[in-house]
There are 2 protein chains.
Amino acid sequence: MSDAMRDDDIANTMRALGHPVRLEILRILANQQQGQCCCADVTESLPLAQSTVSQHIKVLLDAGLIDRKAHGTRNRYCIRQDKLSELGAAFGGLLQGLAPTANKEAELA
Amino acid sequence: MSDAMRDDDIANTMRALGHPVRLEILRILANQQQGQCCCADVTESLPLAQSTVSQHIKVLLDAGLIDRKAHGTRNRYCIRQDKLSELGAAFGGLLQGLAPTANKEAELA
DNA sequence: ATTATTGATCGGTCATTTGCGATGGAAGAT
DNA sequence: ATCTTCCATCGCAAATGACCGATCAATAAT
């Protein structure tokens, strides 16, 4: 239980996922051949200015959900699958903690 | 697939979960005897003003994550388990859509 | 009827987020 | 060296969010 996400981390990550454009960006990254692409690729799939896309990317980056690798004059972004499964586990734990059956039994530790 | 959550819905719900206080409120509701309690109960478990707690509750309410039932002079709040599992499914679907194995196979529909 | 309790809502402040165009640095091409 | 491409970052404006104290309607108790 040592490296479990705390509420702050979970909330931060949730907030990063709390914008449809960022969900879309993640999907765009996921559907790339090598699972990676540059900012320009993302931008031309979205009706937003480059600076705006770059900012959304930064949010995902800060949340640890994606990774940046400099590659020549462009950057390659890819999804951090490890973070994603970590989040999945944390989310599952959260839901379980909120389930009605977990009320009393959880106190028997 | 007709009633699946769309990106907007998912993002909205994520944003509602994107604050540690609201996560805490959900946990407080979950750990109540009948899985329900009033605003005052929640407030005295948190270092926040009543108006602030009420506002957080409203966010959860608007996101459909909790339910309000008037009961005499006070309101009873409880977690909407149906929404929670709906969200769990949507989140699972999201993660699956972002997984590397889902890239090509998903196009064979 | 008067009083007390509950809790939603209003108004205000301050911080953060979202969007944009413009700027500038870094790497590749000429 | 010059020029182009890529894109992070910097203002800037508008909108949203978080928090508070104050208010007010509704119900319960006296």
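As the structure is a prediction and not an experimental result, all values here were calculated from the model. Letters A, B, ... are given to chains in the order of the sequence lines, protein chains preceding strands, and every chain is numbered from 1.
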| query | How far does CG of B/L26 sit from CG of B/N31, to the nearest 0.5 angstrom? | reply | 11.0 Å
| field | Rounded distance (Å) that lies between atom P of D/dA18 and atom CG of B/D62 | value | 12 Å
| said: If you assign B/G72 and A/N75 each to the DNA chain D nucleotide with the nearest heavy atom, which residue ends up on the more 5' nucleotide? | reply: A/N75
| said: Quick check: on DNA chain D, is the nucleotide nearest A/T52 upstream (toward 5') of the one nearest A/R15, or the reverse? Name the residue that is more 5'. | reply: A/T52
| said: Pair A/S54, A/Q50 - check side-chain contact (heavy atoms from CB on, under 4.5 Å), show working. | reply: CA-CA 6 Å; A/S54 191; A/Q50 176 265 323; 3.9 Å; yes
| said: Checking contacts here: which listed nucleotide (D/dA22, C/dG21, C/dG7) is nearest the side-chain heavy atoms of B/R74? | reply: C/dG7
| Would one find a side-chain N or O of B/H19 under 4.0 angstrom from OP1 or OP2 of D/dC19? | yes
| task | Would you kindly check whether a donor in the side chain of B/S54 faces an acceptor in the base of C/dG7, or vice versa, at under 3.5 angstrom? | result | no
| field | Distance in angstrom units between A/Q55 CD and D/dG11 P, rounded | value | 13 Å
| query | Distance-only, no hydrogens or angles: does the B/R22 side chain make a donor-acceptor pair with backbone N or O of B/H56 under 3.5 Å? | reply | no
| query | C/dT5 C1' sits how many Å from B/H71 NE2, rounded? | reply | 16 Å
| So which of A/V59, A/L46, A/V53, A/T52 actually passes side chain to side chain contact (heavy atoms under 4.5 Å, CB included) with A/V21? | A/L46
| Which part of the nucleic acid, if any, lies within contact of B/R22, taking any heavy atom under 4.0 Å across all strands shown: a base, the sugar-phosphate backbone alone, or nothing? | sugar-phosphate
| said: Looking only at the side chain of A/C38 (C-beta and beyond, no hydrogens), which of the listed nucleotides D/dC7, C/dA26, C/dT9 gets closest? | reply: D/dC7
| B/C39 side-chain proximity, nearest of C/dT9, D/dC6, C/dG7 | C/dG7
| message | Using modelled atom types and a 3.5 Å cut-off, is there a donor and acceptor pairing between side-chain atoms of A/T13 and backbone atoms of A/D9? | response | yes
| field | Interatomic distance, A/K58 NZ vs D/dT9 C1' [rounded to whole Å] | value | 9 Å
| Candidates D/dA28, D/dC7, D/dG21 - which lies nearest the side chain of B/T73 | D/dA28
| note | Rounded to whole Å, the CG-C1' distance (B/L60 to D/dA18) equals 14 Å
| said: Check this one for me: any side-chain N or O of A/R68 less than 4.0 Å away from OP1 or OP2 of D/dA8? | reply: yes
| query | What does A/I57 touch in the nucleic acid at a heavy-atom separation under 4.0 angstrom: a base, only the sugar-phosphate, or nothing? | reply | nothing
| message | So, OP1 or OP2 of C/dT17: does either fall under 4.0 Å of a side-chain N or O from A/H56? | response | no
| Got A/D67 and A/C78 here, is their nearest side-chain heavy-atom distance under 4.5 Å? | yes
| said: Looking at D/dC6, I'd like to know if its phosphate oxygens (OP1 or OP2) sit under 4.0 Å from a side-chain N or O belonging to A/Y77. | reply: no
| field | Rounded interatomic separation in angstrom, taking CD1 from B/I25 and P from C/dG7 | value | 13 Å
| query | How long is the line joining CG of A/L23 and P of C/dT18, in whole Å? | reply | 12 Å
| said: Side chain of A/A40 only, heavy atoms from C-beta on: which candidate in D/dC7, C/dG28, D/dG21 is closest? | reply: D/dC7
| task | Rounded to the nearest angstrom, tell me the gap between atom CD1 in A/I66 and atom C1' in D/dC7. | result | 13 Å
